[in-house]
Structures are given as C-alpha cells and as structure tokens.
**Student:** 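Please find one structure pasted underneath; my questions will follow.
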Amino acid sequence: MAWTPLPETVTVTYTTPVPREFALDPKKTAVVVVDMENYFCKRPGAGRMAEVIEGNVRLLAKAREAGAKVIFIQSVRTPDALEVTVFGRKPMLLEGTPDVEIVAEIAPLPGEPVVKKYNHDPFARTELEDVLAREGIIAGEWTVLVTGVSAAVCANACAMGFSNRHYMTLIPMDCTAAGTFEDEARTYALYQGPAYNFDMDFTLSTMVSFVPAAATAQAEPVAALA
C-alpha cells in the first residue's frame, strides 16, 4: 500500500486534563523545577509563564516544609554552542547573565541541587542522573512533580524523561505553562494517551499534600486512599 501524505492542514480538538488530589510521602517525592528563569518569567510579554510563579511558590513551600526533595533545572548556553556555531541560532540564555538566574521568588535554598543543561533535554550530557542517584531518587519508587516552563518544550522534555524512566510523574498545572493554551493542550494530550497515562497524571499546587503515612500508596489519588 502506498504512503498517503498528510493533508495541507489538520484540525485537532483536545480534551484538557482534570487535575486530581494527591497525598504524597515526602520521603519518596521530588519536585523538579524547570527553567523558571528571568528570561522566561520576567521579561515583557512573559504572559502565562509569569503567571506560574505563584503556583511554584506555593508548591515549594509545602515541599520544603515537609522535607521533600527539590531539584532545579537551569537552562544556559555558551557562545560556542553548536546551535550557534553550526546551526546559526542567535545566542541567548548566556551562562552567567541575569537572564538565566532562577526567579527570586523561588530561588534555590542551600543544599538544593541546580542542574545546568545546554539544550532542551535535562538528561542529555548533564549531572541529573548523578543527582538522582546521589539523592536516592529511584524509578518505580518515587514520585516526581515536574514544574516550570515551557510546558511544551523544556518542561515537556523533563516530564517525558522522567516518565520514560518509569518515575510516577505528576504535572501541577498551575506551576507550568507554555506560550499559549493550544501548546499546553497539545502537550497534555500526549500525556493522557495510552503510551504515557500509566505513569503520568495531573494535579494543582493546591491539591497536593505531603503525608508520610501515604508511603504505601505513593501517588494514589486521595479518594483512593480512603
């Protein structure tokens, strides 16, 4: 049978996810904050990416108070990066500039790892795998809440990375954003599909609680724990 090319345009309708309550064991939970940097969240026109600072503040306050792990991912670039020297992209996110500083509202505390990455993928040639091993964050045993921006690019790469490594991966929807509603809905539709929905789900910063007694039911909805 001959291959059929795509039509010139395709119209798709997505069903947006419904966030759920989760009671998580802080000893088996990590919050991974992706690229919440001045360039993305504080520049004029940041829009939805600025709006998720509040959710991150709220979630991190809970996580830190409960003793859950917190890891920051910081996107940086260098002038000699291949995307500049080979592919001709305009230099941006230059290491050491104010643009790449994590927004002050959620600045890393002493002891919270900051993993620098030099492309969209936080697992590509970074220290993230070493940090997870050092912190004892084990696939199949731990839940990871992925926050940050963009929900359709770097935060997406992070969430997919954890899901593909079989961590229970939760998306607090008020803590992550893309540039548009459409980009968020398209990304979330992927997570809701059968390839990923077995270890991915959605919540809000206001719907997450940290309860040590939940250790035997890690990442189960509150209703299921009753």
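The figures that follow rest on heavy atoms only: side chains count, while hydrogens, waters and symmetry mates do not. This chain uses plain numbering: 1 for the first residue, then up along the sequence.
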**Student:** Is the closest basic N to carboxylate O distance between Arg134 and Glu129 below 4.0 Å?
**Tutor:**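 Judged by the 4.0 Å cut-off on N to carboxylate O distance, Arg134 and Glu129 do not form a salt bridge.
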**Student:** Quick one: do Glu112 and Lys69 make a salt bridge, cutoff under 4.0 Å?
**Tutor:**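 Salt bridge between Glu112 and Lys69, a charged N being under 4.0 Å from a carboxylate O: no.
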**Student:** With sequence neighbours excluded, give me every ring pair (Phe, Tyr, Trp, His ring centres under 6.0 Å) pair touching residues 90-127.
**Tutor:**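 Non-adjacent pairs meeting ring pair (Phe, Tyr, Trp, His ring centres under 6.0 Å): Phe123-Phe162.
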**Student:** Supply the atom-to-atom distance Ile71 CD1 to Leu128 CG, rounded to the nearest 0.5 angstrom.
**Tutor:**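 One finds 6.5 Å between CD1 of Ile71 and CG of Leu128.
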**Student:** Testing the basics here: between Ile106 and Arg64, what is the closest heavy-atom pair and its distance to 0.1 Å?
**Tutor:**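 Nearest pair, atom of Ile106 first, then Arg64: O-NH2, 3.8 Å.
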**Student:** Which heavy atom of Cys158 sits nearest to which heavy atom of Val32, and what is that distance?
**Tutor:**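 Minimum heavy-atom separation between Cys158 and Val32: SG-CG1, 3.8 Å.
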**Student:** For this output row, return yes or no: ring centroids of Tyr188 and Tyr14 closer than 6.0 angstrom.
**Tutor:**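 Distance test on ring centres: not under 6.0 Å, no.
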**Student:** Has Arg165 got its NZ or CZ under 6.0 Å from the middle of the six-membered ring of Tyr167, at an angle within 45 degrees of the ring axis?
**Tutor:**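 Checked: cation-pi criterion not met.
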**Student:** Nearest 0.5 Å, please: how far is CE in Met36 from CG in Leu60?
**Tutor:**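 Leu60 CG to Met36 CE: 9.0 Å, rounded to 0.5 Å.
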**Student:** Is Arg58 salt-bridged to Glu54, going by a charged N under 4.0 Å from an acidic O?
**Tutor:**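 Yes, charged N to carboxylate O under 4.0 Å.
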**Student:** Check whether Thr126 reaches the backbone of Lys117 with its side chain - one donor and one acceptor, N or O, closer than 3.5 Å.
**Tutor:**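 The answer is no, because no donor-acceptor pair under 3.5 Å joins these two groups.
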**Student:** For residues Ala157 and Asp121, report the shortest heavy-atom separation together with the two atoms involved.
**Tutor:**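 Looking at all heavy atoms of both residues, the shortest contact is CB-CA, 4.2 Å.
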**Student:** Might you work through the side chain to side chain donor-acceptor pair (under 3.5 Å) test for Ser205 and Asp174, ending with a clear yes or no?
**Tutor:** CA-CA 7 Å; Ser205 65; Asp174 61 334; 2.6 Å; yes
**Student:** For Thr203 and Pro172, indicate whether the former's side chain and the latter's backbone hold a donor-acceptor pair under 3.5 Å.
**Tutor:**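 Here the side-chain-to-backbone pair does not exist.
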**Student:** Nearest 0.5 Å, what's the CZ-OG1 distance between Arg186 and Thr16?
**Tutor:**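 Taking CZ in Arg186 and OG1 in Thr16, the distance rounds to 15.0 Å.
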**Student:** Thr97 side chain to Leu94 main-chain N or O, any donor-acceptor pair under 3.5 Å?
**Tutor:**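 It does hold such a pair.
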**Student:** Quick one: does Lys27's side chain have a donor or acceptor within less than 3.5 Å of a partner on Ala68's backbone?
**Tutor:**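 No: the side chain of Lys27 does not pair with the backbone of Ala68.
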**Student:** Quick check against the 3.5 Å criterion: does Asn164 have a side-chain atom that pairs as donor or acceptor with the backbone of Met160?
**Tutor:**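 Pair found, side chain donor or acceptor close to backbone of Met160.
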**Student:** Taking 4.0 angstrom as the limit, do Glu95 and Arg77 come out as a salt bridge?
**Tutor:**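 Between Arg77 and Glu95 there is no salt bridge, as every charged N stays at least 4.0 Å from the carboxylate O atoms.
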**Student:** Give the C-alpha distance, both sets of side-chain angles, the deciding distance and a yes or no for side-chain contact (heavy atoms from CB on, under 4.5 Å) between Met200 and Leu170.
**Tutor:** CA-CA 6 Å; Met200 300 190 81; Leu170 300 183; over 6 Å; no
**Student:** Can a donor-acceptor pair be found, under 3.5 Å and without considering hydrogens, that links the side chain of Asp201 to the backbone of Asn197?
**Tutor:**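 Checking the backbone N and O of Asn197 against the side chain of Asp201, no donor-acceptor pair under 3.5 Å is found.
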**Student:** For the side chain of Ser163 and the backbone of Ala159, is there at least one donor-acceptor N/O pair under 3.5 Å apart?
**Tutor:**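 No; zero donor-acceptor contacts below 3.5 Å.
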**Student:** How close do Ala155 and Thr147 get, counting heavy atoms only, and between which atoms?
**Tutor:**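 Nearest heavy atoms, Ala155 then Thr147: CB-O, 4.3 Å.
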**Student:** Would you sort out whether Ser209 and Lys62 count as a side-chain contact (heavy atoms from CB on, under 4.5 Å), showing the intermediate values?
**Tutor:** CA-CA 8 Å; Ser209 59; Lys62 290 182 179 182; 5.8 Å; no
**Student:** Measure the CE-CD distance between Met207 and Glu21 for me, rounded to the nearest 0.5 Å.
**Tutor:**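 These two atoms lie 4.5 Å from each other.
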**Student:** State, to 0.1 Å, how close Cys41 and Ala50 come at their nearest heavy-atom pair, and which atoms those are.
**Tutor:**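 In this case the closest contact between Cys41 and Ala50 is O-CB, 3.3 Å.
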**Student:** Any side-chain to backbone donor/acceptor pair from Gln74 onto Val34? Under 3.5 Å, distance only.
**Tutor:**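 Flag not set: sc Gln74 to bb Val34 has no pair under 3.5 Å.
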**Student:** First locate atom CG of Asp35, then atom CG of Leu93, and finally report the distance between them rounded to the nearest 0.5 Å.
**Tutor:**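 It is 7.5 Å, given to the nearest 0.5 Å.
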**Student:** Quick one: does any side-chain atom of Lys116 pair with a main-chain N or O of Ser75 as donor and acceptor, under 3.5 Å?
**Tutor:**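 Not a single qualifying donor-acceptor pair exists.
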**Student:** Between the side chain of Asn38 and the main-chain N/O of Pro98, is any donor-acceptor distance below 3.5 Å?
**Tutor:**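 Side chain of Asn38 to backbone of Pro98, a donor-acceptor pair under 3.5 Å: yes, one is there.
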**Student:** The criterion is side-chain contact (heavy atoms from CB on, under 4.5 Å); which residues satisfy it with Asp130, sequence neighbours excluded?
**Tutor:**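 So Asp130 forms no side-chain contact (heavy atoms from CB on, under 4.5 Å) with any residue.
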**Student:** Does Glu184 come within less than 4.0 Å of Arg48, counting only side-chain N to carboxylate O?
**Tutor:**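 Result for this pair is yes, salt bridge flagged.
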**Student:** Between Asp99 and Arg43, is there a salt bridge with N-O shorter than 4.0 Å?
**Tutor:**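 Salt bridge absent between Arg43 and Asp99.
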**Student:** If you link ILVMFWY side chains whenever their heavy atoms are less than 4.5 Å apart, which other residues fall into the same cluster as Phe87? By chain and number, please.
**Tutor:**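 Joined to Phe87, directly or through intermediates: Leu82, Val86.
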**Student:** Determine, step by step, whether Leu24 and Leu145 satisfy the side-chain contact (heavy atoms from CB on, under 4.5 Å) criterion, reporting the C-alpha distance in whole Å, the side-chain angles of both residues, the deciding distance to 0.1 Å, and the verdict.
**Tutor:** CA-CA 10 Å; Leu24 304 174; Leu145 297 108; 3.8 Å; yes
**Student:** Would you mind telling me which of Val70, Val131, Leu132 makes a side chain to side chain contact (heavy atoms under 4.5 Å, CB included) with Pro113?
**Tutor:**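 Single side chain to side chain contact (heavy atoms under 4.5 Å, CB included) partner of Pro113 among Val70, Val131, Leu132: Val131.
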**Student:** Give the minimum heavy-atom separation between Ala107 and Ile102, together with the two atoms involved.
**Tutor:**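 That closest heavy-atom pairing would be CA-CG2, 4.5 Å.
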**Student:** Give a yes or no on this: more than 12 heavy atoms of other residues, nucleotides or ligands lie within 6.0 Å of atom CD of Glu127.
**Tutor:**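 Atom CD in Glu127 is not crowded, with 12 or fewer foreign heavy atoms closer than 6.0 Å.
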**Student:** Is it true that Lys28 and Asp25 have a side-chain N and a carboxylate O under 4.0 angstrom from each other?
**Tutor:**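 Not counted as a salt bridge, because no side-chain N and carboxylate O are separated by less than 4.0 Å.
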